[in-house]
Amino acid sequence: MQVRLKRGEKSTEIEISSPMSVSEILELMNYKDKDLVAAKVNGKLVDLSQIVKEDATIEPVRIDSEDGIHIIRHSGAHILAQAVKELYPEAQPTIGPVTEDPPGFYYDIHMRNITEEDLKKIEDKMREIVKSDLKIKRKELKKDDLKELFRDNPFKLELIEENVPDNSYSTVYEQGDFIDFCLGPHLPSTSYLRAFKLLSVSNAYWRGNEKGTPLVRIYGTAFPNEKMMKEYFAMLEEAKRRDHRKLGAELDLFIMRPEYGPSFPIYTPKGVALRNELINYMKQLNRKAGYEEVWTPHAFKTSLWEKSGHMSHYRDNMFLMEVENEDYGMKPMNCPGHILIFQRKAWSYRDMPVRFSEFATVYRYEKSGVTSGLLRVRSLTQDDGHAFVRMDQIEQEVGKLIDIIKEVYYSTFGIKELKFKLSTRDENNKDKYTGSSEVWDKATKALMQSLENRSIKYEIKEGEAAFYGPKIDVDVRDAIGRYWQLSTIQLDFFMPDRDHFDLKYNDENNQPQQPVMIHRAIYGSLDRFMGVIIEHFAGAFPLWISPVQVRVVNISEGSLEYSRKIIDLLLSEGIRVDSDLSSETINKKIREAHGDKIPYTVIIGDKEANESKISVRDRKNRQRNLVSLESFLTVLKEEINSKSLEIHFCSN
RNA sequence: GCCACCGUAGCUCAGUCGGUAGAGCGGCUGACUUGUAAUCAGCAGGUCGGGAGUUCAAUUCUCCCCGGUGGCUCCA
């Protein structure tokens with residue numbers, strides 16, 4: 001047999017006469033590497049113990065390669081499970097996958113709840129296992145033998161039943177007394193786990209089903225060496241500094257008073273300055289896209305929510321109240337209100353699309369464990385909008401929306417880490433959905449087409465469509481790696497139908513037709529979007545949304561009067577200005593301006609006052625002395641109007 | 001909602017092996033009048049998240065509640 005060893009560009013070949021393992025072959029070829037953990041044989045990732053029986057190309061997989069790291073973490077999960085089994089013999093391991101984001105692994109185990117102290121003990125036990133350098137052995141077993149082996153573990157039995165066809169084989173991995181049902185590959189032995197740490201304990205459910213068996217989930221991470229692990233933790237610390245909850249408090253953008261309103265953010269003057277800029281920008285885009293702005297009340301009688309289906313589908317998330325024997329509900333969504341506006345008159349096919357937009361605060365009761373800073377709250381303001389369109393207008397309308405999303409995220413805010421998702425119907429469970437198959441297929445195709453026309457990469461999430469229609473969602477990553485949904489474009493065949501609001505327009509033959517509703521939001525939740533951009537800019541906002549654009553500081557009391565004059569002039573030009581005219585030192589004032597991430601600090605001393613000039617320092621430590629106020633204002637206004645992502649004045 | 005952890009001054013945190021608490025920053029007052037990342041001094045702030053229990057005594061121990069943080073199908 002011909003065996004070729006491939007290392008990057010180089011390759012060498014030998015001839016072997018009988019089947020032998022990868023490690024034997026490598027030894028034969030004099031390939032020695034203490035960082036070798038696995039190999040790719042003809043492109044397939046396998047253990048070093050894998051027997052080669054035919055012509056093959058072998059690529060060594062080192063511990064610090066992408067595949068190597070994956071294997072370390074996978075074996076880390078096994079060692080974790082082994083440690084748990086040794087400490088708690090009654091524990092039943094279930095699944096233990098590698099996670100991409102955050103980088104690491106977890107193992108879900110059916111056992112009693114454990115505390116952080118227990119976690120320490122488990123980690124110590126893992127170190128023992130690593131130290132004793134147990135060989136990790138792969139074995140092939142028949143399905144029946146697998147079932148016999150795991151007869152005490154119903155979870156593994158379920159997995160075996162599900163994944164291994166009758167009468168066929170699958171693999172287990174054995175290290176010391178521990179054996180796990182697993183496809184592998186794994187490290188050659190436990191001592192290769194050189195840098196690892198257990199991170200946290202939480203609670204998960206078997207198959208993610210809240211009514212299923214609760215499991216203990218233990219999170220950990222592992223790296224090829226201590227240095228890489230340290231770097232990772234340092235990076236995490238850095239990310240925490242961007243956390244919008246921390247920055248929101250430091251920059252005085254919003255507060256929370258959980259004792260009075262858990263997860264109801266309260267916006268302070270600076271936060272509102274930022275919000276207003278975001279709102280004005282979006283209102284302008286909405287107008288350009290043909291949306292007419294409307295306003296609807298914050299509560300309606302439940303009769304409206306019954307008609308819209310919210311009382312049957314969304315009741316648990318609604319704030320309900322009784323007033324004078326009548327039931328009311330705070331609005332969790334705006335669609336029914338906008339439908340009432342649509343219904344106020346008769347429409348022609350020529351009028352379509354009809355579009356309404358509203359910056360509307362909605363109220364949703366979220367379960368106590370799922371709220372998080374501004375990213376998931378119970379009162380949120382949506383840049384909501386609804387377009388009522390003809391079937392043939394879907395693709396164009398959706399395309400326009402995608403263009404807006406691209407403009408807002410990519411161009412205006414420079415946010416590139418977006419994930420587009422197309423949620424479609426579960427093809428095996430069509431009864432769950434309203435509307436005909438034909439309409440669904442057409443609509444899904446239209447969504448797909450509008451994404452592809454703009455060469456946007458997207459994931460298809462089959463089965464994640466709402467029961468009333470397919471949708472496109474845009475997710476973004478936060479400072480600590482979690483993804484949150486921002487924009488959404490949802491098609492809806494449900495609310496316009498005869499059983500609900502029975503919406504109509506007349507076609508060219510004067511026949512009544514049912515419009516399709518497009519629910520859409522670009523920021524999604526303004527609150528969430530604020531959280532995202534606080535983290536994205538780490539609080540150093542572009543000038544146009546910066547709550548304080550300019551701070552004026554004086555050097556000493558002598559320049560007080562001239563400082564006040566400059567403040568008034570800036571204010572009269574519509575610049576958001578604050579000042580520090582206290583008797584503190586200039587050193588301290590500058591330090592604080594930097595801490596507050598103020599874009600421009602205007603410094604006024606005797607020199608400036610005498611020459612009727614100003615000096616400007618920016619938050620990047622750059623400075624221009626003795627310039628005219630006019631030249632500064634020109635640049636300020638240019639940066640504000642162009643929504644510049646950079647501040648330039650001090651760079652020339 | 002479930003699991004773990006957490007809740008001390010406006011903020012960040014220390015502390016009490018059970019005897020009702022302390023620092024820095026911030027605030028206020030005064031002195032200093034400063035030229036580019038913390039001037040000095042004094043003062044005022046806390047029913048130690050809420051409730052109940054154990055105890056001569058609870059911020060500290062126990063239980064309950066309220067909040068916060070992280071996690072809750074990235075399938076063997």
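Each chain gets a letter, A, B and so on, in the order its sequence line appears, and its residues count up from 1. Given the structure is predicted, the values throughout are model-derived calculations rather than measurements.
- Side-chain rings of Phe155(A) and His110(A) approach one another, their centers coming within less than 6.0 Å.
- Under the side chain to side chain donor-acceptor pair (under 3.5 Å) criterion, Tyr562(A) pairs with no residue, sequence neighbours left out.
- Within the 4.0 angstrom heavy-atom criterion, only backbone atoms of the sugar-phosphate kind lie near Ile586(A); the bases stay farther away.
- Annotation: side chain to side chain contact (heavy atoms under 4.5 Å, CB included) contacts of Glu462(A) (sequence neighbours excluded): Thr424(A), Asp426(A), Glu427(A).
- You'll find the ring centres of Tyr219(A) and Phe105(A) outside the 6.0 Å limit.
- For the pair Glu611(A) CD and rG35(B) C1', the computed distance is 14 Å after rounding to whole Å.
- Residue contacts shown for Lys589(A) are absent, as no nucleic acid heavy atom lies under 4.0 Å away.
- Residue Thr601(A) is classed as having no contact, given no heavy-atom separation below 4.0 Å to the nucleic acid.
- In this model, the phosphate group of rG26(B) is approached by a side-chain N or O of Lys588(A) to a distance below 4.0 Å at OP1 or OP2.
- Within 4.0 Å of Ile95(A), counting heavy atoms only, lie sugar-phosphate atoms of the nucleic acid but no base atom.
- Tyr600(A) has its OH atom 22 Å from the P atom of rU36(B), to the nearest Å.
- By the ring-ring contact (aromatic ring centres under 6.0 Å, His included) test, Trp484(A) pairs with no residue at all, sequence neighbours left out.
- Within residues 153-168 of chain A, the residues having any heavy atom closer than 4.0 Å to RNA chain B are, in order of number, Lys156(A), Glu162(A), Asn163(A), Val164(A).
- As judged by a 4.0 angstrom heavy-atom cut-off over every strand, Gly104(A) is placed among residues making no nucleic acid contact.
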For this session: Evaluate side chain to side chain contact (heavy atoms under 4.5 Å, CB included) for Leu274(A) paired with Phe541(A), printing each intermediate quantity in order.
Result: CA-CA 9 Å; Leu274(A) 201 168; Phe541(A) 300 111; 3.5 Å; yes
Seminar exercise, completed: For nucleotides 1-14 of chain B, 5' to 3', base contacts (B), sugar-phosphate-only contacts (S) and non-contacts (-) with protein non-hydrogen atoms under 4.0 Å give BBBSS---------
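- Among the heavy atoms of the strands lying under 4.0 Å from Arg217(A) are primed sugar atoms or P, OP1, OP2 only; no base atom is included.
- Nucleic acid contact for Asp606(A): base, since at least one base atom lies under 4.0 Å from a heavy atom of the residue.
- Counting only Watson-Crick and G-U wobble pairs whose two distances sit under 3.5 Å, RNA chain B takes part in these stems of three or more pairs: B:1-7 with B:66-72, B:10-13 with B:22-25, B:27-31 with B:39-43, B:49-53 with B:61-65.
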